[in-house]
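What you see below is based on every heavy atom in this structure, not just the backbone, and it leaves out hydrogens, waters and symmetry mates. We name chains A, B, ... by the order of the sequence lines, and we start the count at 1 in each one.
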2 protein chains.
Amino acid sequence: MAKYNVIMDYGNNDLGKILKQQRITVPLTLQELAKASGVSSSHLGRIERGERFPSARILRKIAKPLGFDEDELFTLAGFLSPQSSGVAEDGSSRYAGRQLDPYVAKMLAEEPVEVQRAVIGILSLIKSIARGMAQEVKK
Amino acid sequence: MAKYNVIMDYGNNDLGKILKQQRITVPLTLQELAKASGVSSSHLGRIERGERFPSARILRKIAKPLGFDEDELFTLAGFLSPQSSGVAEDGSSRYAGRQLDPYVAKMLAEEPVEVQRAVIGILSLIKSIARGMAQEVKK
DNA sequence: ATTATATTTTGCCAATTGGCAAATGTCAAC
DNA sequence: GTTGACATTTGCCAATTGGCAAAATATAAT
């Protein structure tokens, strides 16, 4: 970063995707998040699609409604280096490739929490059966 | 903060004094700190006397030359609340009703997307069976 | 005092942030 | 299809950030 930046980066946007993913997963609309955080929905939208970069003040405001720890978001945004604060990893390892499909999140969110948890119960049952099968084959 | 801030605060400056104090005691001149941190000396000067407020990026750059921990400075600047780490999430109470349970989200997110979608498929299958049963009972 | 030199401050301006309001897109119900 | 109720995006603009270069101020040496 020798001089000024070459006018808005516009590509290479991880933070926006993470924020959007989290907002969808919660789930919230831009307007709801705007109301909960006190940041305008238009600004939030631009941040998500990488047209604006959030300041620390904005990041701090949206942290709680999205269920992030403050320092977690700061680290994700590159304001804080990974080893500072309690966040051990570099962010990409935690969120890249391990995300909840938005459609799935939307569907499940419509169910009562008991049903949601029951679904997870069934999933682990299936997985344990699969493990059993793998044992059989090996024998 | 309802709207915009009433144009530059200009009074009530702790951070600037702390930064200047630290720079003097290191000791460094504005120009030396500028060179060591990559922030212009004029900007640093204005920050010290409270005419500008440093962004997170700037704060991060000057932390090491001044011998601060990053999160220490962030806390001083009010970007980070004093006891920032270790806050467990409580989102379920706030957005009751239409939310995805955090535990469920975490569990599901660890599965590949195909599995996530398969789970939803199974769920709708079960629901359709349940609907059939409800019909039987009514008859 | 007077020049030389180092340090800080100021004037100016491009870049960026973030809000409001209007435009646009989406989607279900009729 | 149209209406209405949403959500998201866009146009515009005020406020702020931060750099460069020149001006002011302090410091030292002769």
Side-chain angles (χ1 to χ4, degrees), chain A residues 1-13 15-17 19-63 65 73 77-79 102-103 105-107 109-110, chain B residues 1-13 15-17 19-63 65 73 77-79 98:
Chain A
M1 199 182 296
K3 264 179 161 216
Y4 252 45
N5 268 339
V6 202
I7 306 228
M8 217 23 198
D9 220 276
Y10 236 101
N12 186 23
N13 171 34
L15 184 61
K17 291 188 178 149
L19 291 178
K20 178 164 189 178
Q21 180 60 47
Q22 186 68 13
R23 177 176 63 80
I24 297 300
T25 305
V26 168
L28 291 170
T29 67
L30 283 174
Q31 304 196 53
E32 287 168 333
L33 178 55
K35 203 154 113 177
S37 64
V39 179
S40 73
S41 61
S42 59
H43 193 47
L44 290 172
R46 286 197 250 242
I47 289 171
E48 284 188 355
R49 72 194 99 101
E51 295 174 29
R52 291 283 195 283
F53 195 78
S55 71
R57 181 179 131 258
I58 296 293
L59 228 41
R60 192 175 188 220
K61 283 176 156 188
I62 64 178
L73 264 197
F79 288 160
Y103 171 74
K106 187 167 181 292
M107 285 294 112
E110 282 167 8
Chain B
M1 193 179 302
K3 265 176 162 245
Y4 252 45
N5 265 340
V6 201
I7 306 228
M8 220 11 198
D9 218 271
Y10 241 103
N12 182 23
N13 171 34
L15 184 60
K17 288 180 179 159
L19 291 179
K20 179 164 190 176
Q21 183 57 48
Q22 186 69 10
R23 177 176 63 81
I24 297 302
T25 47
V26 167
L28 290 170
T29 68
L30 282 174
Q31 304 197 57
E32 287 167 335
L33 178 55
K35 203 155 109 175
S37 64
V39 179
S40 75
S41 62
S42 59
H43 192 48
L44 289 173
R46 285 197 251 241
I47 289 171
E48 284 187 355
R49 74 193 96 101
E51 294 173 29
R52 291 282 195 282
F53 193 78
S55 70
R57 182 179 131 255
I58 296 293
L59 228 41
R60 192 177 187 216
K61 282 176 156 186
I62 64 179
L73 265 196
F79 287 160
R98 39 190 304 259

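- What you find for Lys61(A) and Val39(A) is that their closest heavy atoms are CD-CG2, 3.8 Å.
- Put simply, CD on Glu32(B) is 10 Å from C1' on dA6(C), counting in whole angstrom units.
- Atom-to-atom, CD1 of Ile24(B) to C1' of dT7(C) comes out at 11 Å; the value is rounded to the nearest Å.
- Under 4.0 angstrom from either OP1 or OP2 of dT16(C) there lies no side-chain N or O belonging to Arg57(A).
- A donor-acceptor contact shorter than 3.5 Å is absent between the side chain of Arg46(B) and the backbone of Glu51(B).
- Straight-line distance from the CZ atom of Phe79(A) to the C1' atom of dT17(D): 13 Å, rounded to whole Å.
- OP1 or OP2 of dT9(D) lies within a sub-4.0 Å distance of a side-chain N or O belonging to Arg49(A).
- For Leu30(B), whose side chain is taken as the heavy atoms from C-beta onward, the closest listed nucleotide among dT8(D), dT8(C), dC20(C) is dT8(C).
- Where Glu48(B) and Ser40(A) each meet DNA chain C at their nearest nucleotide, the meeting point lying more 5' is that of Glu48(B).
- Following rounding to the nearest Å, Lys35(A) (NZ) and dC6(D) (C1') show an atom-to-atom distance of 14 Å.
- Side chain Thr29(A) to base dC6(D): no donor-acceptor pair is found below 3.5 Å.
- Considering only side-chain N and O atoms, Arg52(A) lies nowhere under 4.0 angstrom from the phosphate OP1 or OP2 of dT10(D).
- Rounded to an integer number of Å, the gap from CD1 of Ile58(B) to P of dT16(C) is 14 Å.
- Nucleotide dT8(C) holds its P atom 14 Å from the CZ atom of Arg46(B), rounded to whole Å.
- Across the protein-nucleic acid pair, Lys61(B) atom NZ and dG18(D) atom C1' stand 10 Å apart, rounded to whole Å.
- Between His43(B) atom NE2 and dT16(C) atom C1' there is a gap of 12 Å when expressed in whole angstrom units.
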